[in-house]
Amino acid sequence: IGYKPNTIAQSLSKGHLNIIALVLGDLRNPFYAELAFRMQKMLNEHGYMVMVFNSEYDVEKELEFIKMSQMFCFAGLMLITVNRSAESYNGDAVFIDNFQASYMCMVHLLSLGHRRIGFIHGQETSSASNLRYVGYVQAMENYQMPIDERHVFHGDLKMESGREAAEVITQMEPEQRPTAMLVANDLTALGFMDGCWKHGIKVPEDVSLVSFDNISFSSMCNIQLTTIDQNLEEMCSQAVRLILKRLNNPEAP
């Protein structure tokens, strides 16, 4: 007879809407775009819609989106900003071993004979970025290599911070420049590569580069970036499994 049920009314009778809020740091970053695509597909298969919020790494915006999710009775919220964990947060989290991944990158570079190795941070509030830096420092110490602070840069996971770091090292004398760089993410690494190319410095001939995320652009024929693959499929699968477990058993500690 043409009757269509009111989905909102049905959901509220259960105490929540079948919507999961997905808060991302920067949707323009291909890593987050791919993650959102996979997450939506997986959650849709379990009957949940996904609403994406872009925080631009702004804590106030993140808080606003969290409150909004509560106000509109969303079923759950997944906070995916800079792959960070908080020591004060006693709940579910999914992330790679950032220290070990960074250390692996450094062993690779050191085994190639590099001794002047630099590093480009992500946000200082990011535990992922900080652990990657600790891995970098630990490897340099273990191989008894001094760290030149002129080769360490603080970025924001965007291309421009990579270009800015490249601008600095291209002004150094060749014997003072780092011969390799470990970079917090692929997007920053691509910016670094672009900055180097503009000044006639070749990658990897003049400076080797290793980064994180393995976004699609990193394997283009003219780039071929060495990068850590975080296994997005597995990461998304584990996150969805955990949130569904919570939704199906809300009384669990």
Side-chain angles (χ1 to χ4, degrees), residues 29-31 82-84 96-215 217-230:
N29 186 327
F31 176 78
V82 284
N83 190 14
R84 68 180 66 161
I96 66 167
D97 186 336
N98 285 288
F99 170 85
Q100 185 63 29
S102 175
Y103 195 89
M104 286 167 54
C105 291
M106 290 298 296
V107 169
H108 169 69
L109 291 172
L110 288 160
S111 68
L112 293 176
H114 293 289
R115 296 298 176 261
R116 299 196 306 273
I117 304 175
F119 184 85
I120 304 179
H121 278 275
Q123 284 89 342
E124 292 185 8
T125 54
S126 165
S127 63
S129 177
N130 291 333
L131 284 169
R132 290 168 189 176
Y133 178 67
V134 172
Y136 160 77
V137 171
Q138 188 67 62
M140 291 292 274
E141 288 181 356
N142 287 0
Y143 282 78
Q144 299 180 328
M145 295 295 140
I147 294 175
D148 189 332
E149 291 301 327
R150 295 175 300 172
H151 300 162
V152 177
F153 302 89
H154 294 275
D156 57 6
L157 301 180
K158 298 176 184 178
M159 290 186 75
E160 193 53 40
S161 59
R163 291 193 184 100
E164 290 171 359
E167 187 68 31
V168 173
I169 73 156
T170 55
Q171 303 305 314
M172 297 178 181
E173 295 298 325
E175 64 275 8
Q176 295 179 335
R177 293 176 194 152
T179 61
M181 295 290 292
L182 176 58
V183 186
N185 74 331
D186 287 351
L187 211 57
T188 304
L190 292 175
F192 182 83
M193 292 175 79
D194 183 56
C196 286
W197 288 336
K198 287 178 179 176
H199 288 275
I201 294 178
K202 298 177 181 178
V203 177
E205 292 85 353
D206 299 324
V207 58
S208 291
L209 204 54
V210 180
S211 61
F212 292 79
D213 292 348
N214 194 23
I215 61 176
F217 299 121
S218 66
S219 58
M220 294 175 69
C221 62
N222 291 331
I223 297 175
Q224 295 297 314
L225 182 63
T226 300
T227 176
I228 290 287
D229 189 328
Q230 298 196 55

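Heavy-atom minimum distance, G122 versus L157: CA-CD2, 3.6 Å. The two residues S161 and G155 make their nearest non-hydrogen contact at CB-CA, 3.6 Å. Taking all atoms of both residues into account, the shortest heavy-atom contact from P178 to G118 is CB-N, 4.0 Å. The heavy-atom pair separating V203 from C196 by the smallest distance is CG2-CB, 4.2 Å. The shortest heavy-atom contact between F212 and V183 is CD1-O, 3.4 Å. Closest of all the heavy-atom pairs between Q171 and E167 is CG-O, 3.1 Å.
Residues Q138 and F99 are in side-chain contact: their nearest non-hydrogen atoms beyond the backbone lie under 4.5 Å apart. Side-chain contact between H151 and M172: present, with at least one pair of heavy atoms (C-beta onward) separated by less than 4.5 Å. A 4.5 Å side-chain heavy-atom check between V152 and H121 finds at least one atom pair inside the cut-off. Between V134 and Y103, every side-chain heavy-atom pair lies at or beyond the 4.5 Å cut-off. Looking at D213 and S218, their side chains never come closer than 4.5 Å, going by heavy atoms from C-beta outward.
For the atom pair CG (L182) and CD1 (I117), the distance works out to 8.5 Å, reported to the nearest 0.5 Å. With values rounded to the nearest 0.5 angstrom, T170 atom OG1 is found 15.0 Å from W197 atom CH2. Going from atom CG of D148 over to atom CZ of R116 covers 9.0 Å, rounded to the nearest 0.5 Å. Interatomic distance, I147 CD1 to Y136 OH, rounded to the nearest 0.5 Å: 4.5 Å.
Counting only N and O atoms by type, the side chains of N214 and Q230 include no donor and acceptor under 3.5 Å apart. With no hydrogens or angles considered, a side-chain donor-acceptor pair links H114 and S208 at under 3.5 Å.
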Please determine whether side chain to side chain contact (heavy atoms under 4.5 Å, CB included) holds for the pair N185 and F31, giving the CA-CA distance in whole Å, both sets of side-chain angles, and the decisive distance to 0.1 Å.
CA-CA 9 Å; N185 74 331; F31 176 78; over 6 Å; no
Verdict with reasoning, L209 to L225, per side chain to side chain contact (heavy atoms under 4.5 Å, CB included)
CA-CA 7 Å; L209 204 54; L225 182 63; 3.9 Å; yes
Quick one: do V137 and F119 satisfy side chain to side chain contact (heavy atoms under 4.5 Å, CB included)? Show the steps, please.
CA-CA 9 Å; V137 171; F119 184 85; over 6 Å; no
Under the side chain to side chain contact (heavy atoms under 4.5 Å, CB included) rule, what do D206 and R177 come out as? Steps first, then yes or no, please.
CA-CA 10 Å; D206 299 324; R177 293 176 194 152; over 6 Å; no
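The side-chain contact (heavy atoms from CB on, under 4.5 Å) test with M181 singles out one residue from L109, V207, V210, T188, and that residue is V207.
Not a single donor-acceptor pair under 3.5 Å links the side chain of R115 to the backbone N or O of M145. With R132 contributing its side chain and S102 its backbone, the two residues share no donor-acceptor pair below 3.5 Å.
Applying the salt bridge (charged side-chain N to carboxylate O under 4.0 Å, His left out) rule to pairs touching residues 183-197 yields R163-D194, D194-K198, sequence neighbours excluded.
Crowding of E175 atom CD: a count of heavy atoms from other residues, nucleotides or ligands under 6.0 Å exceeding 12. At most 12 heavy atoms of other shown residues, nucleotides or ligands fall within 6.0 angstrom of atom CE in M104. Heavy-atom contacts from other residues, nucleotides or ligands closer than 6.0 Å to CD of E124 number 12 or fewer.
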